[in-house]
Engineer: 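One structure, as structure tokens, below. Some questions next.
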Amino acid sequence: MQSSKVTPGAIGAMKMRGEKIASLTAYDYPMAKLLDECGVPLILVGDSLGMVVLGYPDTTHVTMDEMEHHVRAAARAKPRALLVADLPYRSYDTPQAAVTNARRLIAAGAEAVKAEGVLMESVGAIVSAGIPFIAHIGMLPQSILEEGRYHIKGKSDTEGAALLEQAIALERAGAFAIVLELVHSPVAKAVTEKLSIPTIGIGSGKDCDGQILVVNDLIGTFPWFTPKFIQPKMDAAAQIKTAVAEWKAQL
Ligand code: KIV
């Protein structure tokens, strides 16, 4: 395992070497430290924290203040991993807002930012400000109110071709990686083969350059909802309940 700090360039080099980019979310100090000790090269303070930490129904309620608070906590772990933060809902509607808010997340300790969709002027402004940027296409959780449900994108030829075009445009605009969320797996494979930057999939099949999961889904600390494509590796909720029951019984 490498011991040097992971940079955006190092994430790109992993694609070149054919090394899978294992990425997970963390929203606080202990999880960021644990994942770093596991050698995870990319840690995302995702706005999924709205659901799995803050108890909101979706990510559209997450504020910049909340993101900064959690980025600061994760950054205190001083991970070797690249620490990426999500720009929350409507925080990058204009190029000016995108740069101001991306700078706030960087000041809080993030080393790169991610934003959903193809607001190309905002993406260009972030990249021109020298802030490493990860794009995110496919099913966009911040659009859940318009979409109505989480579903696979790119099943029709037209939608698949549009996703490929979006990915190419985002690479040209300077993104150093791209998250493909719930993208029809043949389309995710085609995007991965076409782009020079790494694709990081979630629910988009096995052919992406890396995979990202909400850590709570992987370890079972949010048992009330688990996306269909997840195969949890542990049932932490059950273990917590057993531990508490055993402790209570011996009082
Ligand atoms: O908010 C998040 O956690 C994400 C990833 C799951 C891609 O955007």
Side-chain angles (χ1 to χ4, degrees), residues 11 20-28 31-32 35 40-64 66-71 73-74 81-92 101-102 105 108 110 112-119 123 126 132-145 147 150-153 163 166-167 170 175-183 188 191-192 197-205 208-222 225-232:
I11 296 292
K20 288 284 181 188
I21 304 158
S23 314
L24 285 166
T25 62
Y27 315 105
D28 58 22
M31 188 56 77
L35 297 184
V40 169
L42 191 158
I43 295 175
L44 172 69
V45 184
D47 62 352
S48 49
L49 70 85
M51 285 108 96
V52 299
V53 177
L54 301 177
Y56 294 137
D58 56 60
T59 60
T60 65
H61 303 266
V62 177
T63 65
M64 268 303 297
E66 287 165 342
M67 286 306 303
E68 281 176 300
H69 177 78
H70 286 273
V71 170
L82 184 72
L83 189 67
V84 183
D86 261 337
L87 279 160
Y89 186 59
R90 309 225 61 168
S91 68
Y92 49 98
N101 289 318
L105 295 177
V113 300
K114 174 170 85 57
E116 295 181 9
V118 282
L119 286 176
V123 172
I126 292 169
F133 178 75
I134 298 189
H136 182 160
I137 61 170
M139 176 66 215
L140 304 178
Q142 291 175 12
S143 304
I144 188 61
L145 302 179
E147 294 275 348
Y150 298 93
H151 60 112
I152 300 278
K153 296 285 188 172
L163 284 169
Q166 289 177 5
L170 287 157
F176 74 88
I178 182 163
V179 168
L180 305 180
E181 179 156 358
L182 293 182
V183 170
V191 172
T192 302
I197 58 170
T199 58
I200 302 180
I202 173 161
S204 300
C208 298
D209 298 304
Q211 297 288 334
I212 186 160
L213 290 181
V214 169
V215 72
N216 307 65
D217 294 335
L218 182 68
I219 63 174
T221 47
F222 194 81
F225 173 75
T226 307
K228 280 194 208 124
F229 59 86
I230 302 277
Q231 287 147 356

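For this chain, numbers begin at 1 and follow the sequence in order. Indexing begins at 1, ligand by ligand and atom by atom, following the structure's order.
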Engineer: So D58 and Y150, do their side chains get closer than 4.5 Å, heavy atoms only?
Structural biologist: yes
Engineer: Starting from atom 6 (C) of ligand 1, find the nearest protein heavy-atom neighbour and note its residue, name and distance.
Structural biologist: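 Atom 6 (C) of ligand 1 sits closest to the protein heavy atom I202 CD1, 3.6 Å.
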Engineer: Please list, in number order, the atoms of ligand 1 under 4.0 Å from a heavy atom of D47.
Structural biologist: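 In order of numbering, the contacting atoms are 1 (O).
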Engineer: Using a 4.0 Å heavy-atom threshold (strictly under), name the region of L213 that reaches ligand 1: side chain, backbone, both or neither.
Structural biologist: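 Neither; nothing of L213 gets under 4.0 Å from ligand 1.
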Engineer: Ignoring hydrogens and angles, state whether a donor on the side chain of H70 or E66 is under 3.5 Å from an acceptor on the partner side chain.
Structural biologist: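 No, because no side-chain N or O of H70 sits under 3.5 Å from a partner of the opposite role on E66.
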Engineer: Going by atom types only, do N216 and T221 share a side-chain donor-acceptor pair under 3.5 Å?
Structural biologist: yes
Engineer: Measuring only between side-chain heavy atoms, which start at C-beta, is F229 closer than 4.5 Å to L213?
Structural biologist: yes
Engineer: List every atom of ligand 1 that sits less than 4.0 Å from any heavy atom of G46, numbering the atoms from 1 in the order shown and giving each element.
Structural biologist: 1 (O), 2 (C), 3 (O)
Engineer: In terms of side-chain heavy atoms, does Y89 have a donor or acceptor partner in T63 at a distance below 3.5 Å?
Structural biologist: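 No, because no side-chain N or O of Y89 sits under 3.5 Å from a partner of the opposite role on T63.
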Engineer: In the protein, what heavy atom is nearest to atom 2 (C) of ligand 1, and what distance, to one decimal place, separates them?
Structural biologist: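 So the nearest neighbour among protein heavy atoms is S48 OG, 3.3 Å.
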Engineer: Can you list the ligand 1 atoms lying under 4.0 Å from a non-hydrogen atom of T25?
Structural biologist: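 Listed by number with element: 3 (O).
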Engineer: Can a donor-acceptor pair be found, under 3.5 Å and without considering hydrogens, that links the side chain of T25 to the backbone of V215?
Structural biologist: yes
Engineer: What residue and atom, counting heavy atoms only, is the protein's closest point to atom 4 (C) of ligand 1, and at what distance?
Structural biologist: L44 CD2, 3.6 Å
Engineer: Below 3.5 angstrom, do we get any N/O pair linking E181 and ligand 1?
Structural biologist: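 No, E181 has no N/O under 3.5 Å of an N/O on ligand 1.
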Engineer: Under 4.0 angstrom from ligand 1, any heavy atom of K114?
Structural biologist: yes
Engineer: Only one of I212, L218, I219, D217 forms a side-chain contact (heavy atoms from CB on, under 4.5 Å) with L24, so which one is it?
Structural biologist: L218
